[in-house]
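Here the structure is laid out as structure tokens; the discussion comes afterwards.
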Amino acid sequence: MDEKIILGIETSCDETSAAVMKGELLLSNVISSQIDIHRRFGGVVPEIASRNHLTAVIPVVDEAVNKAGVKLTDIDAIAVTYGAGLVGALLVGLSAAKSLSYALNVPLYAVNHIEAHIAANYISSPELKPPFLAVVASGGHTGIVRVDGYNKFAMLASTTDDAIGEAFDKVARAIGLPYPGGPEIDKRSKLGKADIEFISHKHRGSELSYSGLKTAVVNYLHTLEQRGEKPNVEDVCASFSKTAVDMLVDTAVNEAKRTGIKTLALAGGVAANSYLREKITSECKANNFTVYFPPMSLCTDNAAMICARARGMMQENIPPAGLDLNAVSYLKIQSE
Ligand code: KG4
Ligand code: ZN
């Protein structure tokens with residue numbers, strides 16, 4: 001199994017990506033981003049995303065195969081994201097993956113996007129083995145997942161409303177920053193003071209919730225506007241980031257203490273956030289926990305993580321999907 005060559009395809013949102021892995025080695029990871037196309041609309045427009053995936057997917061697959069130095073006929077398995085994501089966007093990747101699986105006569109693995117974000121850690125840290133706690137911080141999902149095996153997950157805590165990435169993007173929009181808001185807030189946070197209290201400690205509790213925080217920031221901006229005052233953007237960004245991230249890190253540390261699992265791994269686009277990386281590193285150091293996070297290139301959407309997730313499925317003989325595989329827009333982690 002270990003030298004099997006997997007071609008992964010990811011088209012769940014606004015990045016068209018294809019990657020090739022041979023065993024635990026990543027041979028190529030090509031990402032064609034549509035961010036510039038969607039920026040002027042202030043967010044991803046689903047129909048435009050699907051159309052752009054359609055024109056990009058074959059050239060991106062070709063480039064990934066060429067960069068990997070392999071031939072299509074060397075591929076042993078195809079892996080594709082089937083959810084969660086935008087249904088039209090997912091269908092483009094699925095159609096390409098099914099065609100390749102059929103034409104090359106190789107198995108097709110149906111990959112859950114969020115589980116793949118967790119598996120990104122296996123590429124950069126091959127020494128990481130379950131059990132560990134995954135701190136999932138993405139655009140659509142937020143929570144602490146107990147990873148009991150390569151294919152065994154249990155959701156321990158999850159947001160009761162918005163995801164953390166969604167909150168970053170919505171707050172950025174309210175401030176007037178371009179899409180995607182997460183990296184913009186990250187940049188400005190470094191220049192600001194985190195001294196605005198959007199949610200009192202008393203209300204924060206141990207629950208993960210981002211909708212109230214987002215509303216608190218929006219209300220704060222409105223109040224200033226009504227007074228004819230301008231916000232200090234850097235301070236708003238720093239204060240929001242600190243509140244959002246601390247809530248997640250506190251929950252992760254509590255779950256690590258409660259379960260006795262002392263290894264943590266960050267997953268999802270918000271894992272690229274510099275304050276989150278710093279904060280979780282210092283908290284883990286203080287508590288004698290070990291923390292892993294993928295390099296920036298493997299934090300946001302990419303197909304390398306799709307290969308890594310399928311590898312775990314192949315290692316434990318999870319059956320491949322049939323050619324009737326469909327896209328699932330709302331897909332949760334497959335908790336036991
Ligand atoms: O995990 P992801 O690809 O989305 C889902 O799979 O749902 O991550 C995208 C999210 C966006 O909300 C984006 O703003 C956020 O990750 N993000 C960041 C940073 N880089 C990306 N948020 C905060 N700081 C960053 N540096
Ligand atoms: Zn993602």
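We count ligands from 1, going down the list as the structure has it; atoms in each ligand are counted the same way.
With contacts defined as side-chain heavy-atom distances shorter than 4.5 Å, the pair Glu24/Arg311 qualifies. Lys242 has its side chain within reach of Tyr275: a pair of non-hydrogen atoms, C-beta onward, lies under 4.5 Å apart.
In this structure, the side chain of Asn29 engages the main chain of Ala304 through a donor-acceptor pair within 3.5 Å.
Between Leu208 and Gly143, the shortest heavy-atom distance links the atoms CD1-CA, 4.1 Å. Smallest separation of non-hydrogen atoms from Ser211 and Asp161: N-OD1, 2.9 Å. Counting all heavy atoms, side chain and backbone alike, Tyr109 lies closest to Ala310 at CB-CB, 4.0 Å. The two atoms that bring Ser50 and Val92 nearest to each other are O-CG2, 3.7 Å, heavy atoms only. Val44 and His38 get closest at one heavy-atom pair: CA-ND1, 3.6 Å. Contact record, Val30 with Ser17: O-OG, 2.8 Å, taken as the closest heavy-atom pair.
When only non-hydrogen protein atoms are considered, atom 24 (N) of ligand 1 lies nearest to Asn273 ND2, 3.0 Å. Among all protein heavy atoms, the one lying closest to atom 6 (O) of ligand 1 is His113 NE2, 3.0 Å. Among protein heavy atoms, the minimum distance from atom 1 (O) of ligand 1 is reached at Gly269 N, 2.7 Å. Protein heavy atom in closest approach to atom 3 (O) of ligand 1: Asp301 OD1, 2.6 Å. The closest protein non-hydrogen atom to atom 9 (C) of ligand 1 is Gly139 N, 4.0 Å. In this structure, the protein non-hydrogen atom closest to atom 26 (N) of ligand 1 is Asp186 OD2, 2.9 Å.
For the pair Phe168 and ligand 1, the shortest N or O to N or O distance does not fall below 3.5 Å. Between Gly181 and ligand 1, a contact under 3.5 Å exists for no N or O pair. On a distance-only criterion, His141 and ligand 1 share no N/O pair closer than 3.5 Å. The shortest N/O to N/O separation between Thr300 and ligand 1 does not fall below 3.5 Å. Checked by distance only, ligand 1 and Ala137 stay at 3.5 Å or farther apart across all their nitrogen or oxygen atoms. Residue-to-ligand polar distances place Gly140 within reach of ligand 1: an N/O pair is separated by less than 3.5 Å. For ligand 1, one of its N or O atoms has an N or O atom of Gly182 under 3.5 Å away.
Under the 3.5 Å distance criterion, with hydrogens and angles disregarded, no donor-acceptor pair is assigned to the side chains of Thr159 and Thr142. No side-chain N or O of Arg188 forms a donor-acceptor pair with one of Asn232 less than 3.5 Å apart. Under the 3.5 Å distance criterion, with hydrogens and angles disregarded, no donor-acceptor pair is assigned to the side chains of His53 and Thr11.
A ring-ring contact (aromatic ring centres under 6.0 Å, His included) with Phe240 is found for one member of Tyr210, Phe168, Tyr220 and no other, namely Phe168.
Shown here are the protein N/O/S atoms lying under 2.8 Å from the Zn ion (ligand 2), water excluded: His113 NE2, His117 NE2, Asp301 OD1.
If you look at Val270 next to ligand 1, the close heavy atoms, those under 4.0 Å, come from the backbone and the side chain alike. Contact annotation for Asp169 and ligand 1: only side-chain heavy atoms (C-beta onward) come within less than 4.0 Å of the ligand.
Of all the atoms in ligand 1, the ones that sit under 4.0 Å from a non-hydrogen atom of His117 are 1 (O), 2 (P), 3 (O), 6 (O).
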